[in-house]
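Single-structure report; data block below.
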There are 2 protein chains.
Amino acid sequence: MFHAVRKLGHMPALPVEESEHRSGPLLDHLARRMRLRSESVLAPLGLRPRHLVALTVLRESGGISQQALAGTLQIDGTNVVGLLNDLEAESLVERRRSPEDRRRHVVSLTTAGAKRLREAECALAGVEDEVLGALEPAERDTLYELLRRATSGRQVICAEESGDEPDASC
Amino acid sequence: MFHAVRKLGHMPALPVEESEHRSGPLLDHLARRMRLRSESVLAPLGLRPRHLVALTVLRESGGISQQALAGTLQIDGTNVVGLLNDLEAESLVERRRSPEDRRRHVVSLTTAGAKRLREAECALAGVEDEVLGALEPAERDTLYELLRRATSGRQVICAEESGDEPDASC
DNA sequence: ACGGATCGTTTGTGTAACGCCAACCATTTA
DNA sequence: TAAATGGTTGGCGTTACACAAACGATCCGT
């Protein structure tokens with residue numbers, strides 16, 4: 001009879017007790033609700049939710065290469081091309097060759113793009129009121145601020161350098 | 001008695017100036033990052049992000065009809081069937097006929113489902129650390145709480161009864 | 001009791017948003 | 001001069017849906 005050798009080196013490390021609940025699924029859920037309603041509101045402006053994400057990122061980061069944009073958006077480079085084609089076709093975005101490295105395109109918002117983005121944000125006010133109805137104005141501001149900081153943070157190039165496996169924590 | 005009028009005279013209505021920035025796109029952006037990384041972590045558990053959203057909703061709301069679930073998740077009824085089939089196939093979820101209305105199925109988490117959900121949340125700790133790296137623990141808690149309240153709030157059956165058009169606000 | 005609605009289910013069709021591969025050009029770098 | 005790199009195009013495959021039609025079981029109003 002093998003006494004089950006409970007190899008639980010009972011980590012003394014963990015200082016706080018894990019709240020255990022992850023915001024991932026909630027984020028997913030809320031984003032979906034918002035996105036669905038946004039679509040109809042955005043349609044008259046000729047934009048789709050994904051475009052809005054891209055425009056928002058571009059506003060925040062002045063001018064970046066398409067590669068960097070792909071990294072930030074976490075979508076494949078070839079898809080960035082199509083996305084930017086959409087936006088450039090409406091002059092919301094501009095591709096300039098980088099002077100230092102002329103292979104690169106520096107993508108940036110045009111004034112028309114910034115304007116359209118503001119219009120879209122304005123049009124989304126109602127949607128946000130619906131979806132975030134359970135939160136008070138101050139809380140919505142807090143939420144916005146947290147999201148802004150979370151998204152503008154470094155994008156963790158990927159887990160290449162961290163040789164450690166993240167498992168086994170719980 | 002006329003002095004009171006003074007206050008109303010000049011439309012003091014808007015107390016704060018609109019921040020104008022919408023959290024929709026940020027929500028989308030952050031949710032995508034989280035979802036992408038979650039997929040690989042969730043795969044060994046036989047779950048996909050959408051399943052996790054469903055399980056989370058089910059945990060929160062005890063037992064609900066599939067219709068209600070479709071409403072909360074905002075996905076088509078036929079797709080709910082498939083989603084629940086996935087979950088029921090692994091005994092994570094249970095469909096019982098409602099006693100009051102035997103057409104209805106009352107869907108609820110099984111104990112195995114609750115356990116698997118906890119495991120998944122545990123497995124997602126690392127992902128959350130990566131994606132929300134820019135936020136401090138206390139802020140992550142705040143974020144979680146805001147998301148929880150926002151998602152658990154009434155789902156605004158849809159804008160049918162509100163006769164007003166939401167436009168023209170800006 | 002009958003006919004019409006409702007809940008869940010199956011099947012089938014369509015679409016949008018991707019990822020991935022391969023080829024290509026212009027450019028930079030070794 | 002030979003790679004490597006950034007962007008572009010085209011094509012193929014997948015996933016996650018929506019939407020419609022038809023069906024069985026059940027409820028409900030007259």
Side-chain angles (χ1 to χ4, degrees), chain A residues 25 28-29 31-40 42-43 46-54 58 63-89 93-108 157-158, chain B residues 25 28-29 31-40 42-43 46-54 58 63-89 93-108 157-158:
Chain A
D28 233 346
H29 188 180
R32 156 165 261 262
R33 282 192 181 182
M34 193 82 83
R35 183 160 24 81
L36 287 180
R37 290 167 182 278
S38 298
E39 276 165 4
S40 51
L42 254 32
L47 294 173
R48 269 172 285 177
R50 42 213 280 296
H51 297 130
L52 219 24
V53 175
L58 285 174
I64 44 176
S65 77
Q66 299 188 195
Q67 228 178 214
L69 187 56
T72 303
L73 255 28
Q74 303 235 197
I75 63 183
D76 188 87
T78 66
N79 290 319
V80 171
V81 175
L83 186 52
L84 290 181
N85 285 347
D86 290 353
L87 297 175
E88 202 175 35
V93 130
E94 198 178 40
R95 285 190 251 219
R96 294 182 312 258
R97 298 230 85 109
S98 165
E100 309 107 353
D101 185 343
R102 293 173 38 78
R103 288 170 298 184
R104 220 171 293 174
H105 277 164
V106 176
V107 185
S108 54
I157 309 297
C158 256
Chain B
D28 232 346
H29 188 180
R32 156 166 261 262
R33 282 193 182 182
M34 194 82 82
R35 182 160 24 80
L36 286 181
R37 289 168 182 278
S38 298
E39 276 165 4
S40 51
L42 253 33
L47 294 173
R48 270 172 285 176
R50 40 211 283 294
H51 297 130
L52 219 26
V53 175
L58 285 174
I64 44 177
S65 76
Q66 298 189 194
Q67 226 177 218
L69 188 56
T72 303
L73 256 28
Q74 303 237 201
I75 64 182
D76 188 87
T78 66
N79 290 318
V80 171
V81 175
L83 186 54
L84 290 181
N85 286 348
D86 290 353
L87 296 174
E88 201 175 36
V93 131
E94 197 177 42
R95 285 189 252 219
R96 296 181 311 258
R97 298 230 84 108
S98 165
E100 311 106 354
D101 184 344
R102 293 174 37 78
R103 289 170 298 182
R104 222 170 293 177
H105 277 165
V106 176
V107 185
S108 54
I157 307 298
C158 257

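Keep in mind that what you see is a predicted model, and the values were worked out from it rather than measured. Values below: every heavy atom of this structure, side chains too, minus hydrogens, waters and symmetry copies. Below, read A as the first sequence line, B as the second, and so on, with proteins coming before strands; counting in each chain starts at 1.
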### Summary
Quick tally for nucleotides 19-30 of chain D: nucleotides whose base has a protein heavy atom under 4.0 Å get B, sugar-phosphate-only ones S, the rest -, giving BB----BBS---
#### Entry: Any donor-acceptor N/O pair, Arg32(B) side chain to Gln74(A) backbone, under 3.5 Å
yes
#### Entry: dT9(D) OP1/OP2 closer than 4.0 Å to side-chain N/O of Asn85(A)
yes
### Task
Apply side chain to side chain donor-acceptor pair (under 3.5 Å) to Arg48(A) and list each qualifying residue two or more places apart in sequence or on a separate chain.
none
### Between dA16(C) (C1') and His51(A) (NE2): distance, integer Å
11 Å
### Task
Determine: side-chain N/O of Gln67(B) to OP1/OP2 of dC7(C), distance under 4.0 Å, yes or no.
yes
### Query
In whole angstroms, how far is the P atom of dA16(C) from the CZ atom of Arg48(A)?
7 Å
### Message
Please tell me if Arg95(B) has a side-chain N or O lying less than 4.0 Å from either OP1 or OP2 of dT9(C).
### Response
yes
### Query
Between Gln74(A) and dG19(C), does any side-chain N or O lie under 4.0 Å from OP1 or OP2?
no
### Query
Taking CG from Asp28(B) and C1' from dA16(C), how many angstroms apart are they, rounded to a whole number?
14 Å
### Task
Round to a whole Å and report the spacing from CZ of Arg50(B) to C1' of dT14(D).
13 Å
#### Entry: Residue met sooner reading DNA chain C from 5', once Val106(B) and Ile75(A) are mapped to nucleotides
Val106(B)
### Message
Please check this pair: side chain of Arg96(A) against backbone of Val106(A), looking for a donor-acceptor N/O pair closer than 3.5 Å.
### Response
no
### Task
Would you kindly say whether Arg104(A) and Gln67(A) are connected by a side-chain donor-acceptor distance under 3.5 Å?
no
### Query
dA18(D) C1' sits how many Å from Glu39(A) CD, rounded?
11 Å
### Task
Send over the distance from His29(B) NE2 to dA17(C) P, rounded to a whole Å.
17 Å
### Task
Give a yes or no on whether the backbone of Arg95(A) and the side-chain of Glu88(A) come within a donor-acceptor separation of less than 3.5 Å.
yes
### Query
How close or far is atom C1' of dA16(C) from atom CG of Leu83(A), stated in whole angstroms?
13 Å
### Distance, rounded to the nearest Å, where Leu73(A) contributes CG and dG19(C) contributes C1'
15 Å
### Check: Gln66(B) side chain, Val80(B) main-chain N or O, donor-acceptor pair, under 3.5 Å
no
### Query
Side-chain N or O of Arg35(B) less than 4.0 angstrom from OP1 or OP2 on dT15(D)?
no
#### Entry: Expected output: side-chain His29(A) to main-chain Thr72(B) donor-acceptor under 3.5 Å
yes
